[in-house]
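Chain letters run A, B, ... following the sequence lines, proteins first and then strands; every chain starts at 1. Values below: every heavy atom of this structure, side chains too, minus hydrogens, waters and symmetry copies. None of the values given here were measured: they were computed from a predicted structure.
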Amino acid sequence: MELFLPARQPFVLDSVIQSHGWVQLLPFGSDEQYTSLSYVLEIDAGDVVAISVQETPGGVRVQVDSPLSSVAQSELAGKIAWMLGLDMDFSSFYSQASGEPKLATAAQRARGRILRSATIFEDVVRTILTTNTTWSGTKRMVKALVDMYGAPLASNPEIKAFPTSPRLAAADVEKLRKEGKLGYRAPYIHELAQRADSGELDLEALKANSLPTPELRKRLLMLKGVGDYAAANLLMLLGHYDFIPVDSWALKMVSNEFYSGNPIGRKEVEAAFERWGEWQGLAFWLWEWTE
DNA sequence: GGTAGACCTGGACGC
DNA sequence: GCGTCCAGGTCTACC
């Protein structure tokens with residue numbers, strides 16, 4: 001079956017797909033030209049569906065591998081709209097960035113939307129798995145979680161969705177640590193899943209929050225395994241760009257660009273992008289760095 | 001508020 | 001093949 005979803009213009013699907021590395025992590029996938037995004041998700045009714053998204057005039061066309069009830073279709077449409085940020089408006093940022101050569105492609109390519117997972121829970125788990133490791137380590141850990149705990153697609157059990165909070169809450173911590181090779185992150189992920197599954201933690205409510213960014217950041221920092229970098233990354237996924245995700249790569253890039261390669265810290269990174277105000281995280285993210 | 005050490009894994013390197 | 005060192009953020013204890 002197919003769905004058509006409208007997108008606020010301007011919209012360029014491959015800019016969303018290439019917005020960061022999520023597309024390289026299971027169960028995301030894409031073709032080499034980034035014209036199509038694939039994903040597998042478990043919807044609330046318990047069905048596991050594989051979807052493929054292509055850009056079409058005015059929005060996106062979503063191909064679903066199996067028929068769905070109208071309720072499930074509605075849920076799926078809402079999740080895809082969230083993942084692609086279909087309704088997001090970056091006109092204010094484009095206006096501010098119009099005189100900056102290093103952000104010249106932002107408006108041209110409708111950049112700004114950052115690819116999200118279907119749930120905040122999934123994005124928090126992914127983000128924790130990016131910390132204190134290499135990108136190949138992140139890919140390995142995410143693959144292990146999907147392989148070990150993801151719900152299989154009925155038509156092809158080899159293909160699995162990202163595990164939901166109930167599935168990870170029921171997982172064995174030592175198995176996560178040893179077989180999943182999550183190491184010290186295993187108890188963080190397990191505790192997060194248990195709190196989300198019990199209802200103590202309503203991560204999905206953050207999608208519709210109207211909290212000021214500092215308050216939202218405080219809540220994110222209360223999650224075990226989420227520090228300054230992870231919180232800033234999650235804030236951007238939530239549509240708040242006032243903080244910069246400062247990791248070792250950021251320090252290197254900003255040092256080369258603004259500080260002649262001298263050793264710098266978080267404060268220098270923030271100072272370099274302070275003029276972008278509420279858009280500073282996005283300006284940093286979309287900046288065309290000098291190699 | 002700032003700092004040091006521990007956490008865990010994979011990869012690079014030397015032997 | 002084995003051992004050692006290092007990189008990658010966050011947590012905890014301490015000052």
Side-chain angles (χ1 to χ4, degrees), chain A residues 20-26 114 116-117 120-149 162-163 165 168 171-196 200-201 203 206 213-238 240-257 259 261-274 280-281 284-285 287 289 291:
Chain A
H20 66 154
W22 265 203
V23 70
Q24 297 173 33
L25 302 177
L26 290 177
I114 298 175
R116 298 155 161 161
S117 306
I120 304 295
F121 171 75
E122 185 174 326
D123 273 335
V124 175
V125 173
R126 284 186 198 278
T127 300
I128 291 174
L129 297 185
T130 65
T131 60
N132 202 24
T133 187
T134 58
W135 183 243
S136 62
T138 299
K139 290 201 279 190
R140 173 183 48 74
M141 287 185 275
V142 171
K143 183 176 187 307
L145 282 188
V146 172
D147 287 346
M148 291 166 67
Y149 299 105
F162 194 92
S165 58
L168 287 180
D172 179 75
V173 182
E174 283 311 302
K175 193 174 173 186
L176 281 173
R177 188 194 298 271
K178 299 295 181 191
E179 292 183 34
K181 296 193 174 179
L182 269 62
Y184 70 91
R185 302 171 194 81
Y188 298 162
I189 302 294
H190 191 249
E191 182 187 309
L192 180 79
Q194 287 193 319
R195 292 180 65 201
E200 177 199 335
L201 190 63
L203 289 171
L206 298 179
T213 308
E215 178 58 31
L216 195 51
R217 179 170 175 270
K218 258 188 213 171
R219 296 196 185 189
L220 291 169
L221 287 171
M222 289 171 72
L223 304 174
K224 282 276 185 66
V226 174
D228 287 335
Y229 160 79
N233 191 60
L234 287 165
L235 283 172
M236 290 220 297
L237 289 169
L238 289 166
H240 292 249
Y241 306 100
D242 337 31
F243 287 84
I244 297 172
V246 180
D247 58 4
S248 54
W249 179 85
L251 293 173
K252 185 179 166 188
M253 290 295 129
V254 174
S255 169
N256 288 337
E257 190 87 6
Y259 297 95
N262 294 314
I264 61 168
R266 156 181 304 279
K267 285 179 182 172
E268 285 77 13
V269 174
E270 290 167 351
F273 284 89
E274 191 178 12
Q280 59 187 284
F284 161 82
W285 198 253
W287 200 259
W289 302 100
E291 292 298 331

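In this structure, A:K181 places its NZ atom 17 Å from C1' of B:dC7, rounding to the nearest Å. Rounded to an integer number of Å, the gap from A:L145 CG to B:dT9 P is 14 Å. Taking atom OH of A:Y184 as the reference point, atom P of B:dC7 lies 12 Å away to the nearest angstrom. A:M141 places its CE atom 10 Å from the C1' atom of B:dG10, with the value rounded to the nearest Å. Straight-line distance from the CZ atom of A:R185 to the C1' atom of B:dC7: 9 Å, rounded to whole Å. If you measure from atom CD of A:E179 to atom P of B:dC8, you get 17 Å, rounded to the nearest angstrom.
Within a heavy-atom distance below 4.0 Å of DNA chain C, the residues of residues 221-234 of chain A found are A:L223, A:K224, A:G225, A:V226, A:G227, A:D228, A:Y229, A:A230.
As judged by a 4.0 angstrom heavy-atom cut-off over every strand, A:S248 is placed among residues touching the sugar-phosphate backbone only. No engagement by A:K252 is indicated, since no non-hydrogen atom pair under 4.0 Å with the nucleic acid exists.
Counting heavy atoms from C-beta outward, A:L235 and A:D242 have side chains that stay 4.5 Å or more apart.
Along DNA chain C, the nucleotide nearest to A:T134 and the one nearest to A:Y188 differ in position, and the one closer to the 5' end is contacted by A:T134. Two residues, A:K267 and A:K178, neighbour DNA chain B, and the one matched to the more 5' nucleotide by heavy-atom proximity is A:K267.
Cation-pi geometry between A:R217 and A:F243 is satisfied (NZ or CZ under 6.0 Å from the ring centre, within 45° of the ring normal).
For A:Y241 and A:W285, the ring centers are positioned 6.0 Å apart or more.
In the helix from B:dG1-C:dC15 to B:dC15-C:dG1, the end axes, each obtained as the rotation axis mapping the C1' atoms of four pairs onto the next four within a five-pair block, lie 30° apart to the nearest 10 degrees.
Protein chain A contacts DNA chain C over a range whose 5' and 3' limits, counting nucleotides with an atom under 4.0 angstrom from a non-hydrogen atom, are C:dG8 to C:dT12.
Note on ring orientation: taking the six-membered ring where Trp is involved, the planes of A:W287 and A:W289 are tilted (angle from 30° to 60°). A parallel orientation is assigned to the rings of A:W22 and A:W135, their planes being inclined by less than 30° (bins at 30° and 60°).
Within 6.0 Å of the CD atom in A:E274, the count of heavy atoms belonging to other residues, nucleotides or ligands does not exceed 12. Atom CZ of A:R219 sits in a sparse spot, with 12 or fewer heavy atoms from other residues, nucleotides or ligands closer than 6.0 Å.
A donor-acceptor pair under 3.5 Å links the side-chain atoms of A:T131 to the main chain of A:I128, judged by distance alone. A donor-acceptor contact shorter than 3.5 Å is absent between the side chain of A:Y149 and the backbone of A:A171.
To the nearest 0.5 Å, atom CD1 of residue A:I244 and atom CG of residue A:D228 are 12.5 Å apart.
In this model, the phosphate group of B:dT9 is not approached by any side-chain N or O of A:R140 to a distance below 4.0 Å at OP1 or OP2.
Exactly one residue among A:N233, A:L192, A:L129 makes a side chain to side chain contact (heavy atoms under 4.5 Å, CB included) with A:V124. That residue is A:L192.
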